[in-house]
Amino acid sequence: QLQLVESGGGLVQPGGSLTLSCAASGFPLDYYYIGWFRQAPGKEREGVSCITHGGRAVNYADSVKGRFTISRDNAKNTVYLQMTSLKPEDTAVYYCAAGPPNYYNDYGFDYRYLEDWGQGTLVTVSS
């Protein structure tokens with residue numbers, strides 16, 4: 001069974017940086033679509049970034065383009081989300097999720113069809 005564990009969240013000042021990690025066990029991450037999603041209080045969960053199986057393609061929400069970078073380390077079975085120039089509106093619980101290899105082609109950043117999720121890590125951007 002695939003298990004995902006996020007880490008790296010915390011409190012950071014506006015303009016600061018954080019790197020989130022999504023570590024997997026139970027199956028090679030490289031086989032899967034891996035997406036990062038976030039949910040702010042009172043708001044719907046939204047897609048942030050994703051990487052396809054094999055790292056062939058990456059995608060970003062418009063709100064984070066140019067500031068966030070997704071990458072994967074197959075040797076560590078981990079996907080990372082580097083976040084820079086953080087803004088207060090980036091405050092949320094960040095989740096990673098795994099899907100079938102072609103998930104983005106079929107559903108984009110629609111989270112509703114993803115079944116494997118981590119527990120989330122809180123990112124707070126505040127002065």
Side-chain angles (χ1 to χ4, degrees):
Q1 183 179 356
L2 178 66
Q3 291 187 318
L4 303 171
V5 178
E6 302 96 334
S7 61
L11 174 64
V12 63
Q13 292 186 339
S17 301
L18 279 176
T19 297
L20 306 183
S21 300
C22 173
S25 60
F27 212 88
L29 260 187
D30 191 44
Y31 175 79
Y32 290 90
Y33 153 103
I34 301 296
W36 281 100
F37 297 79
R38 65 187 181 186
Q39 189 164 18
K43 295 188 176 180
E44 187 176 6
R45 191 167 298 191
E46 64 175 355
V48 174
S49 181
C50 65
I51 186 166
T52 61
H53 79 290
R56 293 181 178 86
V58 298
N59 296 280
Y60 299 95
D62 288 342
S63 59
V64 305
K65 280 181 182 176
R67 300 189 298 123
F68 290 11
T69 303
I70 191 170
S71 62
R72 70 197 312 159
D73 184 334
N74 292 335
K76 295 183 178 180
N77 216 28
T78 300
V79 171
Y80 302 97
L81 185 68
Q82 292 179 280
M83 307 185 295
T84 63
S85 301
L86 283 161
K87 305 175 181 180
E89 51 263 43
D90 294 318
T91 294
V93 178
Y94 284 70
Y95 301 89
C96 64
N102 294 320
Y103 186 91
Y104 187 79
N105 290 338
D106 295 332
Y107 302 111
F109 281 127
D110 190 334
Y111 63 89
R112 294 173 293 169
Y113 305 101
L114 292 167
E115 297 182 347
D116 296 297
W117 291 84
Q119 82 290 348
T121 185
L122 176 63
V123 173
T124 304
V125 185
S126 175
S127 54

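What you see is a predicted model, and the numbers here were worked out from it, not measured in a lab.
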Check whether [X] reaches the backbone of [Y] with its side chain - one donor and one acceptor, N or O, closer than 3.5 Å.
X: Gln119; Y: Val5; answer: no
X: Asn102; Y: Asn105; answer: no
X: Glu6; Y: Thr121; answer: no
X: Asn77; Y: Phe27; answer: yes
X: Thr91; Y: Val125; answer: yes
X: Thr52; Y: Ala57; answer: yes

Heavy-atom pair of closest approach, residues [X] and [Y]:
X: Ile34; Y: Ile70; result: O-CD1, 4.1 Å
X: Thr78; Y: Ser21; result: CG2-CB, 4.1 Å
X: Ala24; Y: Leu2; result: CB-CD1, 4.1 Å
X: Leu29; Y: Arg72; result: O-NH2, 2.5 Å
X: Phe109; Y: Ala61; result: CE1-N, 3.8 Å
X: Ser17; Y: Ser85; result: OG-N, 4.4 Å

I'd like to know if [Y] and [X] are part of one continuous hydrophobic network [Ile/Leu/Val/Met/Phe/Trp/Tyr, side-chain heavy atoms within less than 4.5 Å].
X: Val58; Y: Phe68; answer: yes
X: Tyr107; Y: Tyr31; answer: no
X: Leu4; Y: Leu20; answer: yes
X: Tyr80; Y: Val93; answer: no
X: Ile51; Y: Tyr103; answer: no

Can you find a pair of side-chain heavy atoms, one from Met83 and one from Val123, that are under 4.5 Å apart?
yes

Looking at Asp62 and Lys65, is there a salt bridge between them, counting it only when a charged N and a carboxylate O are closer than 4.0 Å?
yes

Determine whether Tyr111 and Glu44 satisfy the following criterion, side chain to side chain contact (heavy atoms under 4.5 Å, CB included), listing intermediate values before the conclusion.
CA-CA 10 Å; Tyr111 63 89; Glu44 187 176 6; 3.1 Å; yes

Centre-to-centre under 6.0 Å for Trp117 and Phe37, is that the case here?
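Under 6.0 Å, so yes.
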
How many angstroms lie between atom [atom1] of [X] and atom [atom2] of [Y], to the nearest 0.5 angstrom?
X: Gln82; Y: Ser49; atom1: CD; atom2: OG; result: 11.0 Å
X: Arg45; Y: Arg38; atom1: CZ; atom2: CZ; result: 13.0 Å
X: Leu81; Y: Cys50; atom1: CG; atom2: SG; result: 11.0 Å
X: Lys43; Y: Glu89; atom1: NZ; atom2: CD; result: 8.0 Å

Parallel, tilted or perpendicular: ring planes of Tyr33 versus Tyr104, cut at 30 and 60 degrees:
parallel

